[in-house]
Amino acid sequence: MSDMIVPNLLTDESGSPMAFYIHAQDPLREKYLKIIRDNGGYIEPSEVNADKNQYVQLSSYPVPRRTTFSFQFIDDYLDKGGSVYLEPYQLNPVKRSADELDEQDVRTAKAMAQAMNKKAKGPPKSTTKFTVEADNYILEQVRLKPRFRTSHKFFEELAQHDLLKGHTGNSVRSRYRAHLEHKLLYVYKTDDYDRLILDASGNRIALPVAHAKTIKNRFTADDDYTLCESIINHVLNTQDRETLQTADDKLTRLPDGVLNEANFLVSISFFDEFARQNTGHSSLSWRDRYRKFARVYGLQRYRDDYRKAMGTKEGPQPMKNLTSRESKSEKKAQITAKKLKANQVRMDMSAHDQALLADELARNHHSQLHHNHHLTHQLDSAGVAAVANMAVGQGALDEEIGEVKNSNIDDALRQVGVGAGRVQIEDDLVNPDVRALGIHQTDHSAIHPNLGGASVDGHDFEGLELKVDADSQDPWAKYMVYLPRDVLLTALFSDKFIQFEPNVIDRARELLTTLEPDDVGVLFDEFEKLGFTRAFVGHILKVTSSSVRYINDYLYTLRDALHDDRIDLVEVLFPRGHNGLWTPEQDFDLKEGNMQKLGFHDSESIGARRQFLGL
DNA sequence: GACCACACCCACACACCAA
DNA sequence: ATTGGTGTGTGGGTGTGGT
């Protein structure tokens, strides 16, 4: 902008400034304030004055029920030395009614979000070049966790590593995808829990990349065909022909060979069995594929289309584009639009009305305080806004609050660095509101958080609960039952236990330090390797509400008992009066509310038990 | 103007949950 | 126990702006 040479463009012939209005919240306000002033123009601070004088409002986005023009006008006007008309830059030519969300609100919200985002991100980002060292580091990290190599989350967490400072998750991911993936060549062999498998001499085992699965598998045409065929056969074998061939009107009989798919009954157990035979997807995924795709497309239709397509050059294609869920950004825009709407109503309310309303509400809510009608003069603007918001309705606000909560949680989770072997959410977040959202303290991520591999010293069992509740449908839940009281010692330990004595308990406790919330299976497996029977592990989890801290406590008492010759098995299995350790009797008391009998449990133990039992 | 770092998008695989 | 609704974040991109 060479305004040293060019005379002030934003003035009229008489030299008086051209006047504009820019809403105080507009993200580009500061930028254009400067540009316009530098070129001799004027920005009216008051909306009322601007309206009175019909000053042009410039905006980053269309504002419902106001006439606004794009900042591009200023850019072009200055660029072309003033030979530009205003009209084409108008953002929202249509005046609309005040009620009901419409597309424009949503568009506005989107544009606003985008504009705000730019502002929030601050001045133009500088970029950091990837070094050879960083590249190699990324590759090695991918090799260590091959299943996560397509995960956004994985790279987001990877970006926290010191070696990758200055890069974002996005950039590390795209660096890998665009420049490193073809250099990967091999990955390390890992077990079902994504832990490295070492060979006999303790070395990592290299594996061709193609052998390493990722987290999710796309459904192939063959998958879809097998699914459709199997379901058709299944219903033919399990349901009567008449039902299957009856049309929706319940009267007409369909021609032979045509089945009414609306009458198909396909139980969950079918998908369990099917997933056992077809291991590429979980039972839940197969069921979902059936619900969202096969049933929509038509199973018989897909079967026939597949067979037909076998003869073509292209070959059969998997089903696609049959889901129609609102995209996330769409949803967000809807919510933002609602908020805007609420704000708009507030802005539309005259100052006088706002004052009356505030006064009115204040009388109702604080009637003991005897306010006169000058009350509103004592309210600050935030107070008036809050009061007006009440008039707008709680709905939009509720969503706002919900979103704030969620983003707080997000932030808290984000603070959990990759090196932090285990999740520790700040205390102030572990409150009833957070619990009400169904978020476990430890339940933060689909992938294991300790990508950095920082070792844990085993003293922070605080709050880690394995993610299985006694009454859930988790396959591990069925093992989590009390043993009978007359059980024999031999039912608790296998021969291996003798082999590993006397260190078994300590090794078991050590193992606890490595667990993640989803590692119930790991715990079962590893404890069995140490010589615990599965039934006993289940019993321990039942007694301890599957909380790692209490499992640790239990192992202590178990160790002491084992060192005592005169072992009282019942006392070991059903410890009385121990905080965090539960028995069937105590469960009963908890359900019945006989809290006086549970005095030795602290509130944390009781809370954990409630959650564990689904009370 | 090509290349790169980084942001953003969206269908859907997989999962969980309430009714 | 089924069932449909829906949350989550992957998997595979495209868009954008700096260098």
Side-chain angles (χ1 to χ4, degrees), chain A residues 110 113-118 120-131 134-135 138 145-159 164-181 213-220 223-224 227 262 264-272 275 278-297 318-333 402-403 406 409-410 413 436-440 443-447 467-469 471-475 477 518 614:
Chain A
K110 276 186 187 166
Q114 225 164 20
M116 291 299 189
N117 235 343
K118 267 186 195 149
K121 302 259 155 56
K125 54 206 167 179
S126 69
T127 56
T128 310
K129 286 268 174 205
F130 282 96
T131 62
D135 281 352
I138 295 168
K145 296 273 177 189
R147 241 164 48 85
F148 300 106
R149 64 192 186 279
T150 50
S151 155
H152 297 230
K153 265 261 154 89
F154 171 81
F155 288 100
E156 210 157 276
E157 294 181 14
L158 194 53
L164 297 171
K165 231 187 253 131
H167 299 289
T168 64
N170 272 326
S171 64
V172 176
R173 179 166 179 266
S174 71
R175 177 72 186 175
Y176 169 73
R177 280 159 50 85
H179 299 99
L180 305 175
E181 192 163 18
K213 287 225 152 83
T214 52
I215 300 169
K216 294 182 178 177
N217 304 310
R218 301 248 119 144
F219 283 94
T220 64
D223 283 342
D224 283 340
L227 179 69
F264 280 21
L265 292 175
V266 194
S267 65
I268 288 182
S269 57
F270 167 84
F271 293 104
D272 288 342
N278 301 275
T279 53
H281 304 274
S282 70
S283 169
L284 290 168
S285 302
W286 283 116
R287 184 173 89 96
D288 201 49
R289 187 69 178 171
Y290 168 59
R291 287 199 298 153
K292 312 257 178 65
F293 292 86
R295 226 163 37 175
V296 177
Y297 190 97
M319 293 177 265
K320 60 175 183 188
N321 287 328
L322 298 170
T323 56
S324 57
R325 282 167 71 177
E326 230 172 29
S327 84
K328 259 186 267 184
S329 56
E330 194 67 30
K331 201 167 202 169
K332 234 170 137 180
E403 204 168 83
N406 284 329
I409 292 158
D410 268 354
L413 295 177
L437 288 167
I439 290 164
H440 295 234
D443 179 12
H444 82 297
S445 164
I447 71 177
K467 265 182 59 185
V468 175
D469 295 342
D471 66 340
S472 78
Q473 290 173 10
D474 191 293
D518 288 319

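Here is how names work: the chains are called A, B, and so on, in the same order as the sequence lines, proteins then strands, and each is numbered from 1. Both backbone and side-chain heavy atoms feed into the values below; hydrogens, waters and symmetry mates do not.
Look at CZ on F271(A): it is 18 Å from P on dA1(C), rounded to the nearest Å. Atom CD of E156(A) is separated from atom C1' of dT8(C) by 13 Å (rounded to the nearest Å). Rounded to whole angstrom, the span from the CG atom of D135(A) across to the C1' atom of dC4(B) amounts to 12 Å. For the pair H152(A) NE2 and dC8(B) P, the interatomic distance rounds to 13 Å; values are reported in whole Å. In this structure, CG of N170(A) is placed 12 Å from C1' of dT14(C), rounded to the nearest angstrom. Nucleotide dA5(B) holds its C1' atom 16 Å from the CG atom of L158(A), rounded to whole Å. Put simply, NZ on K145(A) is 14 Å from P on dT10(C), counting in whole angstrom units. Distance K153(A) NZ to dT8(C) C1': 8 Å, rounded to the nearest Å.
To the nearest 0.5 Å, atoms NZ (K129(A)) and NE2 (H167(A)) are separated by 10.0 Å. Expressed to the nearest 0.5 Å, how far CZ of F293(A) lies from CG of D224(A) amounts to 8.5 Å.
Using a 4.0 Å heavy-atom cutoff across all strands shown, S267(A) reaches sugar-phosphate atoms only and no base atom. Within the 4.0 angstrom heavy-atom criterion, only backbone atoms of the sugar-phosphate kind lie near T168(A); the bases stay farther away. Within the 4.0 angstrom heavy-atom criterion, only backbone atoms of the sugar-phosphate kind lie near V266(A); the bases stay farther away.
Using a 4.0 Å cut-off, some side-chain N or O of S171(A) falls inside it from OP1 or OP2 of dC6(B). For the pair H167(A) and dA5(B), the criterion of a side-chain N or O lying under 4.0 Å from OP1 or OP2 is not met.
Contacts of D288(A) classified as side chain to side chain contact (heavy atoms under 4.5 Å, CB included), with partners at least two apart in sequence or in another chain: R291(A), K292(A). With sequence neighbours excluded, the residues forming a side chain to side chain contact (heavy atoms under 4.5 Å, CB included) with T220(A) are D222(A), D223(A), listed by chain and number. Under the rule for a ring-ring contact (aromatic ring centres under 6.0 Å, His included), the partners of Y290(A) that lie at least two apart in sequence or sit in another chain are F271(A). Every residue meeting the side chain to side chain contact (heavy atoms under 4.5 Å, CB included) condition with N217(A), not counting sequence neighbours, appears here in chain and number order: K213(A), H281(A). Contacts of I268(A) classified as side chain to side chain contact (heavy atoms under 4.5 Å, CB included), with partners at least two apart in sequence or in another chain: D272(A), R287(A).
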Every protein N/O within reach of nucleotides 12-15 of chain B N/O, cut-off under 3.5 Å:
| residue | atom | partner | partner atom | Å |
| --- | --- | --- | --- | --- |
| dC12(B) | OP1 | N321(A) | N | 2.9 |
| dC12(B) | OP2 | N321(A) | N | 3.4 |
| dC12(B) | OP2 | T323(A) | OG1 | 2.9 |
| dA13(B) | OP1 | R289(A) | NH1 | 3.4 |
| dA13(B) | OP2 | R289(A) | NH1 | 2.7 |
| dA13(B) | O3' | N217(A) | O | 3.3 |
| dA13(B) | N3 | K216(A) | NZ | 2.8 |
| dC14(B) | OP1 | N217(A) | N | 3.0 |
| dC14(B) | OP2 | H281(A) | ND1 | 2.5 |
| dC14(B) | OP2 | S285(A) | OG | 3.2 |
| dC14(B) | O5' | S285(A) | OG | 2.9 |
| dC14(B) | N4 | D288(A) | OD2 | 3.1 |
| dA15(B) | OP2 | S282(A) | OG | 2.5 |
| dA15(B) | N6 | D288(A) | OD1 | 3.4 |
| dA15(B) | N6 | R291(A) | NH2 | 3.2 |

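Closest-nucleotide positions on DNA chain C for T214(A) and I268(A) were compared, and the one nearer the 5' end corresponds to I268(A).
Residue R173(A) places its side chain closer to dC8(B) than to any other of dA5(B), dT10(C), dC8(B). Ranking dC6(B), dC4(B), dT10(C) by closeness to the K129(A) side chain, first place goes to dC4(B).
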